[in-house]
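These notes are about the structure you will find just below.
Naming: A, B, ... by sequence-line order, numbering from 1 per chain.
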Protein chains: 4
Amino acid sequence: MTKLEQRRKEMVTSVMREGIYEAVVEVLTEHGLDGLTMDRVAAQAGVGKASLYKYFANKQEMLRFVHAKAIEPVTAAVQTHLKSDIPADQKLRAILRTWFEHLGEHQVLFNLFCNDFGVEGLLKSEELTEQERALQDISNVLEEGVRSSVFRKVDTARTSLLIFGAVRQLVEQQLANDETWPTDELTEHVMDFFSRGLQVR
Amino acid sequence: MTKLEQRRKEMVTSVMREGIYEAVVEVLTEHGLDGLTMDRVAAQAGVGKASLYKYFANKQEMLRFVHAKAIEPVTAAVQTHLKSDIPADQKLRAILRTWFEHLGEHQVLFNLFCNDFGVEGLLKSEELTEQERALQDISNVLEEGVRSSVFRKVDTARTSLLIFGAVRQLVEQQLANDETWPTDELTEHVMDFFSRGLQVR
Amino acid sequence: MTKLEQRRKEMVTSVMREGIYEAVVEVLTEHGLDGLTMDRVAAQAGVGKASLYKYFANKQEMLRFVHAKAIEPVTAAVQTHLKSDIPADQKLRAILRTWFEHLGEHQVLFNLFCNDFGVEGLLKSEELTEQERALQDISNVLEEGVRSSVFRKVDTARTSLLIFGAVRQLVEQQLANDETWPTDELTEHVMDFFSRGLQVR
Amino acid sequence: MTKLEQRRKEMVTSVMREGIYEAVVEVLTEHGLDGLTMDRVAAQAGVGKASLYKYFANKQEMLRFVHAKAIEPVTAAVQTHLKSDIPADQKLRAILRTWFEHLGEHQVLFNLFCNDFGVEGLLKSEELTEQERALQDISNVLEEGVRSSVFRKVDTARTSLLIFGAVRQLVEQQLANDETWPTDELTEHVMDFFSRGLQVR
DNA sequence: TATGAATGAGCTTTCATTCAT
DNA sequence: AATGAATGAAAGCTCATTCAT
């Protein structure tokens, strides 16, 4: 019984948090980060303002949740690729495509995540970790590739920074200009470049 | 006399603006962009709040000034390299080194410039152009390199995004971790990577 | 339910706005228009400053409300007299008495309405129309009186200015000196004067 | 010598005050009462801001002076008429014409004097006295007229209020609408009205 | 003496957070 | 349990007045 009630409560909480998540995304899309007031979120979510504080300790926590939830599918997809049984270069390609796909989809939200959310430490601790995980993932793939002689010997830590930064910039450019580039083309272009570099053969 | 007075006034204004500039940097370092209040700037600068408005029409103008002043030496150095009479790959190397040097120096400030200042139209029109200029510069060098067969034929626009993004990410990593990597090493690493890519020879 | 809640809310809002109205009047009485700060209004009303903004979009709206609420009973009473079925001179008399009665009551507030509120666009569009309406009303009565030969032929537009100005000045004098003259006596005096003029019969 | 110096100083003071007077009028015309800042006055007068405080104790005193100076010619002209040796009705006519002439001329300034300057007691004590003097003047003429049987017996105090208020309203209307009515016509209209009233003969 | 630089005190407005219902 | 009303604290900005030069 107690357990059942707890179950139910957790369900409710979960549903509410998702509703709030969507409201936040909506408000961010419409009013930007500076226009993200608790009032607006509550109104958009169709709940009382005070209720937001039943599900999140404060605005910062709410944003953290939103961030995590938004990034989650990307992380999941990437993990799947990481665990798959394909050569390192294929893994890298798959990861890049995953990034391009998701970031292109969610447009405004990811635009905010890349540009605004470093601000003032709203998410600092979490978000950096997030980014760090992405870097770690790439780094792992690189190491694997180096080990299996698919890639030449490189400083994997720094090289993963190069790759991540490059991808991020590409997406940012897309979003900033409201363009949508074909995911495959982008991926191939990056892969091609990172494979061969600038060198004339 | 009038001219002399004007001269003196300009000096004073200039000195004050620099003082305020430094105060802003200090406050940004300590409290972040959202913690950058006029009160704090005034306190840090050791002047009355109202005085700030004698030297800048409003907060936005102040930030514009700070931004311009901070970015100026980088821009200048890059322009110098661009005009110099060296092969494209040397130019690219020089530009990259310039970025690493300056961004490493000013730490927090440039960290903010890369992440925060696009926010909410604080500097919108100007700042975007700033980043775009950087991209254009790299793009030009790439084109020059392609023309002179120093580089292989690449999509210069997108490739400049790759390079800029990579550099930005490297610097960000440095600043985030409060580390300082040797400029030369960084430059060579990036150049090496972008030259040869990941491919096993 | 929803309807009931709405009803209640409207009541609360209405009560609050009236409370604020009275606070404004009080502050105006004590500190004048330039001393009418939101802080003082809030303090006088016994609410937080921010609460004022729950009931009025901004200071200007608040003043508009105060103005409307204060002027409303006068306007209403005058309209009633205008529509009544009595000779023009009786109508004029009734209107004048109405003015004297109400203006005498609200003292400081109406003093401000006549002198201050045209200032600087606080109520600009509305308030000018207000005074103009009063003039129009008098003008209409005069025209009616002229048509029915109760009054001699006069330039009704200008004459209404004369009458309105005279009444206004009388009230102003009263308020300035904190005197209270009997309404009837005042009315009769004015009517008598405007009827016969200065001429020796 | 001391006396001479004093003389010279008084001259300078006088000249400066007049210059400031004109600057104030200019600023009032251009920016309204709320736009009348000491900065603007100083700039318009071509003197340092601090200098204003050499010639006036504070803003309020400055405004008092401006008011007095603006009203002075009217007062003077009226006094002349009062002392002249003509029948009371002629005197009244002359005074009215004087008012219409001057008030029509100075447009903006007198518009402000009639509408804005009661605000917050900027000039209260002085200005009321000013107005009271005007009323006294009219009252005296009326009394004289009554004594000499030019006017019928009226309550001169209140009647002077009627007349003054009427004139004021006429001028206000003119200024508010940026119209200019012929002085003579206005005067005759008022005189005619106040002589005969509304009564059908 | 004349001044412009400096500023304290104060303005309107906003919003995350609380709390009585 | 859910909420909207209430608000303290803080923001950007202004201006009459002073004071060192």
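- Comparing C/M38 and A/M38 against DNA chain E, the residue whose closest nucleotide sits nearer the 5' end is C/M38.
- The partner of F/dT18 is E/dA5, judged by Watson-Crick or G-U wobble contacts that both fall below 3.5 Å.
- In this structure, B/R8 atom CZ and E/dT3 atom P are separated by 14 Å, rounded to whole Å.
- Salt bridge D/E61/D/R64: present, at least one basic N to carboxylate O contact under 4.0 Å.
- Summarising the geometry, the separation between CZ on C/R40 and C1' on E/dA9 is reported as 13 Å, rounded to the nearest angstrom.
- The interatomic distance linking C/L36 (CG) with E/dT12 (C1') rounds to 12 Å, in whole Å.
- As judged by a 4.0 angstrom heavy-atom cut-off over every strand, C/N58 is placed among residues touching the sugar-phosphate backbone only.
- F/dG4 atom P lies 15 Å from atom OH of A/Y53, rounded to whole Å.
- Closest heavy-atom contact between C/V27 and C/L36: CG1-CD1, 3.6 Å.
- Residue C/V47 is classed as a sugar-phosphate contact, given heavy-atom separations below 4.0 Å to backbone atoms only.
- Looking only at side-chain heavy atoms (C-beta outward), D/M38 and D/M62 come within less than 4.5 Å of each other.
- Taking every side-chain heavy atom of C/K59 into account, E/dC11 is the closest of E/dC11, F/dA5, F/dT18.
- In this structure F/dC13 sits in a base pair with E/dG10, meeting the Watson-Crick or G-U test at under 3.5 Å.
- Looking at the side chain of B/A50, the nearest of the listed nucleotides F/dA2, E/dG8, F/dC19 is E/dG8.
- Distance from the side chain of B/M16 is smallest to E/dA6 among E/dA16, E/dA6, E/dA2.
- Counting any heavy atom pair closer than 4.0 Å across all strands shown, C/S51 reaches a base atom.
- Proximity of a side-chain donor or acceptor of C/T29 to a complementary backbone N or O of C/V25 within less than 3.5 Å is detected.
- When every heavy atom of A/Y55 is checked against every heavy atom of A/T13, the shortest pair comes out as CE2-CA, 3.9 Å.
- Computed from coordinates, the C/D34 CG to F/dC15 C1' distance equals 13 Å when rounded to whole Å.
- Contacts of C/K49 with the nucleic acid, taken as non-hydrogen atoms under 4.0 Å apart, include base atoms.
- Nucleotide E/dT12 holds its P atom 20 Å from the OH atom of C/Y55, rounded to whole Å.
- Nearer the 5' end of DNA chain F, as judged by each residue's closest nucleotide, is the contact made by C/K54, out of B/A57 and C/K54.
- Between A/F56 atom CZ and E/dA16 atom P the separation is 15 Å, expressed in whole Å.
- Comparing B/D39 and C/L52, the nucleotide of DNA chain F nearest to each residue sits closer to the 5' end for C/L52.
- In this structure, the CE atom of B/M11 is 15 Å from the P atom of E/dA5, given to the nearest Å.
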